[in-house]
Enquirer: 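Below: one structure in structure tokens.
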Amino acid sequence: MSPVKVQKIVCIGAGYVGGPTCAVIAQKCPDIVVTIVDLNEGRINAWNDEEYRLPIYEPGLVDVVRSCRGKNLFFSTDVDKGIQEADLIFVSVNTPTKKSGVGAGFAADLNYVELATRRIAAVATSNKIVVEKSTVPCRTAESMRTILEANAKPNCRFDILSNPEFLAEGTAISDLHKPDRVLIGSLQSAEGLDACQALSSVYAHWVPRERILTVGLWSSELSKLAANAMLAQRISSINALSAICEATGANIDEVANAVGYDSRIGPKFLKASVGFGGSCFQKDILNLVYLSESLHLPEIATYWRQVVEMNEHQKSRFAKRVVDTLFNTITNKRITVLGFAFKADTGDTRESAAITLIRDFMKEKANISLYDPQVEEAQIWQDLAEASPNLSLENIKKQVKICSSSLEACKDAEAVVIATEWKEFKEIDWETVYQGMNKPAFVFDGRLLVDEDKLTKIGFKVITIGRGSL
Ligand code: NAI
């Protein structure tokens, strides 16, 4: 057997990963027809929106979709047809942390992966290469293979590949256009290697061959968890050091810069902040913790769990610093929170630090004014309600006001808290903000974003992560 030439790809899951990834494949491979399917009709309608109001915000994404939608890129709710027509299927469904049952709070919920796999087995009538794109625990491919083989029609063979996605939200399109590496895991059998070759040839349309790494299935699955755990560990490490800076008078920016000059360490991901968020870091580390525990490696589990615990500590430490600085009470005081997305250049709010901060401020009975340039109002209410299950939405709305600009949000506030590093927050007219605030006017910079000297000259009292107070 020689590797199949991939002509039709279907991607199951039109989310933050499936959408951008497969849109870029369509853009770079005009000879391949790419269909992205999802059960969520609203999402598919948005991907097909005439005005290109896509369901996710990602710089550069609209241009990619505009260049190939309707030519070789299609979005559809017809999952079965997509499966039947494709020779290669990406499974890019969500794998959130389990909320109940065995492993609740740690293990990945593989229900969506299993349902998608069962659907493939049920409707496929020809050979398929099935590519695990979702982030999954090590050896999930084996379960997928068992399900597919047990339910396959006669003469239908399935080859499973692992091809984890390393894109970061906010820079997804440039990450996809110029990936550091593409990782493909396969069984080391002749058929497995052929399937690997077929997928490699898709990426080779634009990714240099030396950046396409081919490895065993289990190494590929574990490498994704390992990469996220190590990235998050760098953030927790620098955040742990930021606490020491605040207590000693050292400056975290200077420390990070000095440390990052060491070529063995490097400058990236050494920016202290109010804590990491996003749908992946916490989930994937907890997944690794669960994996370690299942393998009877409790010390390894404790080691990785600490990365997540440090992140929680960083968020609550920052909220406490706000309360302490505002003379130990924020009851009935107006606090402005700038930013709700978990980081700049995305509308994604999953595990965003802003959610925890606002929840803590609500507990202290503060009034909160909030502004984010991209996050939809409905999403904000949903996140805040989930974070405070004991409060009715009506009561939350009494304490929180969503504003349509930074200036509006800062009016009459005692303090401004920067929770997301949106570029536009750098360019705020701070003079005007200062005029409209109660005095003393505080700015808490949770993202090392603003020019502290400039704001101090205007009259603000500026409190920055990783720098001693006032
Ligand atoms: P998402 O929640 O944005 O999208 C998943 C989509 O799959 C949803 O639209 C859902 O309706 C759809 N879906 C679920 N089951 C389905 C089924 N049986 N048939 C058809 N559609 C189905 O999730 P996201 O963020 O795209 O993540 C997907 C996977 O990629 C996860 O495993 C995640 O860990 C991983 N990942 C995420 C990254 C990120 O930055 N968001 C980066 C790298 C990997």
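When a ligand or atom number is given, it counts from 1 through the structure's own listing order. Keep in mind it's a predicted model, so treat the numbers as computed, not measured.
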Enquirer: Can Gln233 and Tyr303 be counted as having a side-chain donor-acceptor contact under 3.5 angstrom?
Expert: yes
Enquirer: With a 4.0 Å heavy-atom cut-off (strictly under), which part of Ser134 contacts ligand 1: side chain, backbone, both or neither?
Expert: both
Enquirer: Before signing off on this row, confirm whether Thr95 and ligand 1 have an N or O atom pair separated by under 3.5 Å.
Expert: yes
Enquirer: Please report which non-hydrogen protein atom sits nearest to atom 18 (N) of ligand 1, along with the residue it belongs to and the distance in Å to one decimal place.
Expert: Leu39 CD1, 3.8 Å
Enquirer: Counting both backbone and side chain atoms, is some N or O of Tyr112 under 3.5 Å from an N or O of ligand 1?
Expert: no
Enquirer: If you count the atoms of ligand 1 from 1 in the order shown, which ones are under 4.0 Å from a heavy atom of Ser279?
Expert: 41 (N)
Enquirer: Students should be able to answer this: which protein heavy-atom is nearest to atom 35 (C) of ligand 1, and at what distance?
Expert: Thr135 OG1, 3.4 Å
Enquirer: Quick one: does Asp38 get an N or O within less than 3.5 Å of an N or O on ligand 1?
Expert: yes
Enquirer: Distance under 4.0 Å to a non-hydrogen atom of Leu167: what atoms of ligand 1 satisfy this?
Expert: 42 (C)
Enquirer: Where the side chain of Asn94 meets the backbone of Pro96, is there a donor-acceptor pair that is under 3.5 Å apart?
Expert: no
Enquirer: Any N or O of Arg350 that comes nearer than 3.5 Å to an N or O of ligand 1?
Expert: yes
Enquirer: For atom 15 (N) of ligand 1, what's the nearest protein heavy atom and its distance?
Expert: Val93 CG1, 3.6 Å
Enquirer: So for ligand 1, is Ser92 a polar contact partner (N or O within less than 3.5 Å, distance only)?
Expert: no
Enquirer: Any ion pair linking Arg157 and Asp159 (charged N to carboxylate O, less than 4.0 Å)?
Expert: yes
Enquirer: Side-chain donor-acceptor pair under 3.5 Å between His313 and Asn239, yes or no?
Expert: no
Enquirer: Strictly under 4.0 Å, does any heavy atom of Arg43 approach an atom of ligand 1?
Expert: yes
Enquirer: Determine, for Lys128 against Asp87, whether the closest basic-nitrogen to carboxylate-oxygen distance falls under 4.0 angstrom.
Expert: no
Enquirer: How close does the nearest protein non-hydrogen atom get to atom 7 (O) of ligand 1, and which residue and atom is it?
Expert: Gly13 CA, 3.4 Å
Enquirer: Any salt bridge linking Glu132 with Lys224? Criterion: basic side-chain nitrogen under 4.0 Å from a carboxylate oxygen.
Expert: no
Enquirer: To the nearest 0.1 Å, how far is atom 27 (O) of ligand 1 from its closest protein heavy atom, and which atom is that?
Expert: Val17 CG2, 4.0 Å
Enquirer: Is Lys271 reaching over with its side chain to a backbone N or O of Leu448, donor-acceptor style, under 3.5 angstrom?
Expert: yes
Enquirer: Ignoring hydrogens and geometry beyond distance, is a side-chain donor-acceptor pair present between Lys363 and Ser388 at under 3.5 Å?
Expert: no
Enquirer: Salt bridge or not for Glu312 and Arg317, using N-O below 4.0 Å?
Expert: no
Enquirer: Distance under 4.0 Å to a non-hydrogen atom of Lys224: what atoms of ligand 1 satisfy this?
Expert: 43 (C)
Enquirer: Please verify the inter-ring angle class for Phe75 with Trp47; under 30° counts as parallel, over 60° as perpendicular, anything in between as tilted.
Expert: parallel
Enquirer: Checking Trp422 against Asp345: is there a side-chain donor and acceptor pair closer than 3.5 Å?
Expert: no
Enquirer: At what distance is the nearest protein heavy atom to atom 41 (N) of ligand 1, and which residue and atom is it?
Expert: Glu169 OE2, 2.7 Å
Enquirer: Measure the distance from atom 43 (C) of ligand 1 to every protein heavy atom, then report the residue, atom name and distance (to 0.1 Å) of the closest one.
Expert: Glu165 O, 3.1 Å
Enquirer: Could you tell me the residue and atom name of the protein heavy atom closest to atom 34 (O) of ligand 1, and the distance to it rounded to 0.1 Å?
Expert: Lys283 NZ, 2.6 Å
